[in-house]
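Accompanying notes for the structure given below.
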Amino acid sequence: MSENNEPVKADQIEQLDESTESVQFSVVIDDTDTADDTVAADEHPADSDTDADTDADADAQIDTKAAASSDDAARASHARSARTVAHADTATRASSHIDKELRHRRHVTLKAYPSFAFNNVILSNRKTGRDVLDNISMDCYNGRTYAIMVDPDDAEQRVGFMAVASGMVFPTSGRVMLKSTDLASFDPAEARAHRLGVVPQRYAIRDDLDAIDNLVYTMDASGRNFLQPKPDIARDLLDQTGFGDGSELAAENYEALVHTPAGKLREIDRRRLAIARAICCEAGILLLDEPTGGLDADDAATILDLLNSLAHPNRQTADTGRCVIIVTDNDEVADACDEAFTLYE
């Protein structure tokens with residue numbers, strides 16, 4: 001074999017193509033034997049050892065071919081290693097190129113889709129011709145709380161916003177977006193059971209069911225599969241929302257409290273239960289209509305603290321947070337939120 005047939009190394013590969021999709025290179029293996037290795041027959045007298053010499057030459061050729069095969073396998077192994085190094089080197093170079101571009105172009109920003117957005121939404125009352133929602137645009141992101149300030153003297157505006165935002169009514173024009181998808185394209189059951197948790201002022205819970213049964217009933221109705229038993233999930237959610245905190249009955253007999261019909265619960269625990277019910281199917285967006293209405297100042301503050309804790313990510317519990325949207329006409333509620341949008345002048 002030629003002495004130049006050394007194993008291929010990564011640094012011997014030709015300049016790599018800038019594309020990261022494929023890396024191509026060739027390996028040339030020279031298996032040509034050196035010339036003039038044959039000994040002329042007339043240089044050796046014919047005798048009884050001729051057959052033995054022939055056998056010895058055959059064995060030598062076999063050994064040479066075996067060695068060549070072993071060298072070929074070694075080269076193939078080195079070639080594979082070189083190819084792996086080449087792919088890794090190309091990926092690293094591409095990553096470095098992107099980092100360099102981002103550093104040099106300081107105006108470049110990477111922006112995610114809003115969790116929830118109104119894009120030029122108009123809702124018209126066909127009977128009166130009035131635009132209840134007049135060309136509204138807003139972006140709401142995961143991990144924050146938003147107050148939607150409605151006119152306290154305009155009940156139609158509040159009802160119209162809740163209906164459009166929850167997907168119960170389609171806007172006259174414009175689109176309501178859940179990330180990159182139009183809310184109108186979702187099956188209503190899927191949107192409200194999984195993606196969007198809604199807490200209306202009335203009928204947020206069933207008064208004839210206890211706390212656990214309210215949540216299990218909602219999970220059953222969603223048609224989704226759950227990794228844990230639903231009653232266990234329900235108890236975790238009640239704990240997460242602080243259900244029963246400050247209740248004398250909870251201190252004496254928590255089991256009696258969770259099995260009390262919702263119609264007989266304290267008002268703050270009814271609000272906590274309604275919130276738990278809205279997120280029991282892992283909704284990433286929480287839409288609430290005046291969740292603190294009718295509560296005293298302390299209970300209202302407790303509910304707002306709960307909503308902020310549900311919105312903001314928590315590293316200790318690995319909770320990634322939610323987008324919480326509160327429809328209100330209360331300035332104090334708006335002040336407790338991260339941002340506020342006003343629908344009227």
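Positions are given from 1, in the same order as the sequence printed here.
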[X] side-chain N/O to [Y] backbone N/O, donor-acceptor pair under 3.5 Å:
{"X": "D182", "Y": "S185", "answer": "no"}
{"X": "D319", "Y": "G321", "answer": "yes"}
{"X": "S222", "Y": "C281", "answer": "no"}
{"X": "R175", "Y": "A117", "answer": "no"}
{"X": "S137", "Y": "N120", "answer": "yes"}
{"X": "N119", "Y": "M177", "answer": "no"}

Looking at R272 and D269, is there a salt bridge between them, counting it only when a charged N and a carboxylate O are closer than 4.0 Å? yes

Is a salt bridge present between R158 and D329, judged by a nitrogen-to-oxygen distance below 4.0 Å?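 Looking at R158 and D329, the cut-off is met.
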
Atom [atom1] in [X], atom [atom2] in [Y]: separation rounded to 0.5 Å?
{"X": "H312", "Y": "L307", "atom1": "NE2", "atom2": "CG", "value": "10.5 Å"}
{"X": "F161", "Y": "I136", "atom1": "CZ", "atom2": "CD1", "value": "6.5 Å"}
{"X": "T292", "Y": "I268", "atom1": "OG1", "atom2": "CD1", "value": "11.0 Å"}
{"X": "D232", "Y": "L227", "atom1": "CG", "atom2": "CG", "value": "12.5 Å"}
{"X": "N225", "Y": "M219", "atom1": "CG", "atom2": "CE", "value": "13.0 Å"}
{"X": "N214", "Y": "L209", "atom1": "CG", "atom2": "CG", "value": "5.0 Å"}

With a 4.5 Å cut-off on side-chain heavy-atom distances among I, L, V, M, F, W and Y, is there a chain of contacts connecting [X] to [Y]?
{"X": "I148", "Y": "V169", "result": "yes"}
{"X": "F341", "Y": "V150", "result": "yes"}
{"X": "L295", "Y": "V199", "result": "yes"}
{"X": "V327", "Y": "V159", "result": "no"}
{"X": "M138", "Y": "M149", "result": "no"}

Restricting to non-hydrogen atoms, name the atom on [X] and the atom on [Y] that form the minimum distance, rounded to 0.1 Å.
{"X": "S166", "Y": "V198", "value": "CB-CG2, 4.0 Å"}
{"X": "N142", "Y": "G284", "value": "OD1-O, 4.2 Å"}
{"X": "R206", "Y": "D208", "value": "NH2-OD2, 2.6 Å"}
{"X": "L183", "Y": "A165", "value": "CD2-O, 3.6 Å"}
{"X": "L237", "Y": "A276", "value": "CD1-O, 4.0 Å"}
{"X": "L306", "Y": "S309", "value": "O-OG, 2.6 Å"}

Would you mind reporting whether [Y] and [X] have side-chain heavy atoms less than 4.5 Å apart?
{"X": "D151", "Y": "L343", "value": "no"}
{"X": "N125", "Y": "E156", "value": "yes"}
{"X": "I326", "Y": "L286", "value": "no"}
{"X": "T241", "Y": "R271", "value": "no"}
{"X": "R235", "Y": "I212", "value": "yes"}
{"X": "I275", "Y": "P291", "value": "no"}
{"X": "T320", "Y": "P313", "value": "no"}
{"X": "L287", "Y": "F116", "value": "no"}

Side chains of T145 and N308, donor plus acceptor under 3.5 Å: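 Checked: T145/N308 side chains pair up, N/O donor to acceptor below 3.5 Å.
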
Side-chain donor-acceptor contact under 3.5 Å, T260 with D210: no

Could you check whether the rings of Y254 and F243 sit parallel, tilted or perpendicular, using 30° and 60° as the cut-offs?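 Perpendicular.
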
Just wondering, are more than 12 heavy atoms of other shown residues or ligands nearer than 6.0 Å to CD in E255?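 Result for CD/E255: enclosed.
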
E267 atom CD, neighbour heavy-atom count above 12 within 6.0 Å: yes

Result of checking S115, C337, C140 against I325 for side chain to side chain contact (heavy atoms under 4.5 Å, CB included):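 Option passing the side chain to side chain contact (heavy atoms under 4.5 Å, CB included) with I325: C140.
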
Q240/L310 under side chain to side chain contact (heavy atoms under 4.5 Å, CB included): CA gap, chis, key distance, verdict: CA-CA 9 Å; Q240 185 178 357; L310 291 175; 3.5 Å; yes

Could you go step by step and tell me if L273 and L238 meet the side chain to side chain contact (heavy atoms under 4.5 Å, CB included) rule? CA-CA 7 Å; L273 177 57; L238 293 177; 4.0 Å; yes

Q201 vs M162, test: side chain to side chain contact (heavy atoms under 4.5 Å, CB included). Steps then yes/no. CA-CA 11 Å; Q201 288 194 40; M162 285 294 298; over 6 Å; no

Is the charged tip of R195 near the ring of F186: under 6.0 Å from the six-membered ring centre and within 45° of its axis? no

